[in-house]
Number of protein chains: 2
Amino acid sequence: MLAKAWPLYALHDPHPQARVCQQCEVRRTALFGVLDAASLDRIHAHIDAPQLAADQPVYRRGESAAAVYTVRSGIVRFERVTEGGVRRIVRLAGQGELIGQEALLNRPYADEAVTCTPVQLCRIPRTLVDELGQAESVLLRELMSRWQQALERAEAWVADLATGAARRRMLKLIEQLCRYPDAADLIWLPRREEMGAMLDITVETGSRIVSQLRREGVLELLPPRQARVDPVRLAEALRAQESA
Amino acid sequence: MLAKAWPLYALHDPHPQARVCQQCEVRRTALFGVLDAASLDRIHAHIDAPQLAADQPVYRRGESAAAVYTVRSGIVRFERVTEGGVRRIVRLAGQGELIGQEALLNRPYADEAVTCTPVQLCRIPRTLVDELGQAESVLLRELMSRWQQALERAEAWVADLATGAARRRMLKLIEQLCRYPDAADLIWLPRREEMGAMLDITVETGSRIVSQLRREGVLELLPPRQARVDPVRLAEALRAQESA
DNA sequence: CGAGCCGTTGAGGGGATTCAAGCTCAGTGG
DNA sequence: CCACTGAGCTTGAATCCCCTCAACGGCTCG
């Protein structure tokens, strides 16, 4: 089985972590996926693969940034607190996305990064990327690609989740969450207070809209914090909302 | 004057565009500011410095991206249109910022980029950065820094301009615009319809709030599309708003 | 079993939208 | 010169959506 799954050059005494990375289900889409097995083997000594439960901080705003992370599974949110003390979620990141890129620029983290679900990460020390970056220009290209992806998502957040009526924003949020399905094709459904921080609405308004969508058959609630979505009715509801 | 302002090596028959870049007021802060004069001279042949009037497109969403731009002066906005046909401004860029980074990844532009004021740009063909990137790792670092800056701004947009009551968002917008003052220390004041697209409010609401701020002495209107801000009263108004 | 968190639902009020009218100002042509 | 026009801005009145305040039920956990 080992000989069947791995190319020959990887058979020669790989570092233990190398096995994990080789088998990592997101390797195709993750940052280091672009590196060959030799480079991979060279770096695993320094890579850690932490796992966190839901609602745990990955890093905090202002912390000096020692590492970037790849999300292997689960969902991470980015939070900010306005001067008035209002907490606002400004972006989500899911499988394959790079978070904490500020580390590569020797800057403190810009947001609070908190897990939404149980999360598997791949922790990559800042210095490691610097070293590899010198040699591997393909890695740098991949890095820039991640940066652009994050920027793209942040802008889409404004257009989708911060525009229009509360019901529209909620439907857009559910649409977004469908991009991160779990094994049983269920989605993670935030608690009402988190919905509020994402859409800038109150928990009561959030609750009312969710209940309404449940009655309309768009959403089937599976507490705690899970739901099944009817894609057809969701699309229908979105169309009706946009044309209204 | 020439000998006094320029280092010796730059005196030796520089490319015409090299003179422009050497004198460029944003060279310290712009992308190519990190390059030495020799590298600068090597590339000017390909660099164009277009000037645009207000409300002119720089590029359009979906266009294949042939170049990135540095903003030398003026303000550029990024627009998106939701599926329902609502136009939303998702970010601004001012002096020294890099726009159209998608070009470096061979992707189509993600937004409509439109000038808010008269704008001076520095147009940098995609291929040029690729070439230089091979040799100059300091350039790549600077590039990543720009990307992070853009991401930072996009997230701040959500937290500042898409959160809370309309009056708070307007005050935050004015605070933002104070970061791009003109020669006479006046700010560019968007027309009401543009404010609407930035803050997701109607022109009427925008007008009411601006009028109110004018009566309170926070803002002095200098049509067309300019204003003087009283920084003390602005800060005061913001404090009162946040604590409310 | 009481405490606390989370979610839901109702009633009332306030802020933003909608609809409508009038204003200023620059450009145009009689 | 001045009426005419249209775009942008302002203001008012009515409506509606969302927030606020409040009460209640389900659930977990000490």
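Side chains are part of it too, since the values below use all heavy atoms of this structure and drop only hydrogens, waters and symmetry mates. Numbers restart at 1 for each chain; the letters A, B, ... are given by sequence-line order, proteins then strands.
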Asks: Closest approach to the side chain of B:S211, judged atom by atom: which nucleotide of D:dT11, C:dA16, C:dG7 is it?
Replies: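 Closest nucleotide among those given: D:dT11.
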
Asks: Identify whether any heavy atom of A:R169 sits under 4.0 Å from a base atom; if not, whether one sits that close to sugar-phosphate; answer base, sugar-phosphate or nothing.
Replies: nothing

Asks: Heavy atoms only, 4.0 Å cut-off, all strands: where does A:R168 land among base, sugar-phosphate and nothing?
Replies: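 Nothing: the residue A:R168, judged by heavy atoms under 4.0 Å, touches no strand.
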
Asks: To the nearest 0.5 Å, what is the distance between CD on B:E102 and CZ on B:R126?
Replies: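 That separation rounds to 12.5 Å.
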
Asks: Between D:dC9 atom P and B:R191 atom CZ, what is the distance in whole Å?
Replies: 7 Å

Asks: I need the CD1-P distance between A:I209 and C:dT8, as an integer number of Å.
Replies: 12 Å

Asks: Has the side chain of B:E204 got a donor or acceptor atom sitting under 3.5 Å from an opposite partner on the base of D:dC9?
Replies: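 When only heavy-atom distances are counted, B:E204 does not reach the base of D:dC9 through any donor-acceptor pair under 3.5 Å.
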
Asks: Would A:R91 and A:F78 count as a cation-pi pair here, with the cationic atom under 6.0 angstrom from the ring centre and within 45° of the axis?
Replies: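 Satisfied, under 6.0 Å and within 45°.
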
Asks: Between C1' on C:dG15 and CG on B:L199, what's the gap in Å once rounded to a whole number?
Replies: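 In whole Å, C:dG15 C1' lies 15 Å from B:L199 CG.
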
Asks: With a 4.0 Å cut-off on heavy atoms, is B:S207 in touch with a base, just the backbone sugar-phosphate, or nothing at all?
Replies: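 If one applies the 4.0 Å heavy-atom cut-off, B:S207 turns out to touch a base.
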
Asks: Can you find a side chain N or O atom of A:T205 that sits less than 4.0 Å from OP1 or OP2 on D:dC18?
Replies: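 So the side-chain polar atoms of A:T205 never come under 4.0 Å of the phosphate oxygens OP1 or OP2 of D:dC18.
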
Asks: At 4.0 Å (heavy atoms only), tell me whether A:L221 reaches a base, stays on the sugar-phosphate, or touches nothing.
Replies: sugar-phosphate

Asks: Taking only Lys NZ, Arg NE, NH1 and NH2, and the carboxylate oxygens of Asp or Glu, determine whether B:E220 and B:R228 approach each other closer than 4.0 Å.
Replies: yes

Asks: So does A:R225 get a side-chain nitrogen or oxygen closer than 4.0 Å to the phosphate oxygens (OP1/OP2) of C:dC5?
Replies: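 No, because none of the side-chain N or O atoms of A:R225 sits under 4.0 Å from OP1 or OP2 of C:dC5.
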
Asks: Ignoring hydrogens and angles, are the base of D:dT20 and the side chain of A:R208 linked by a donor-acceptor pair under 3.5 Å?
Replies: yes

Asks: Would you say C:dT18 has OP1 or OP2 under 4.0 Å from some side-chain N or O of B:T202?
Replies: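 So the side chain of B:T202 is outside the cut-off, no N or O lying under 4.0 Å from OP1 or OP2 of C:dT18.
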
Asks: Thinking salt bridges, do B:E97 and B:R146 make one under a 4.0 Å N-O criterion?
Replies: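 Looking at B:R146 together with B:E97, the answer is no, because their closest N to O distance does not fall below 4.0 Å.
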
Asks: Below 4.0 angstrom from OP1 or OP2 of D:dT10, is there any side-chain N or O of B:R192?
Replies: yes

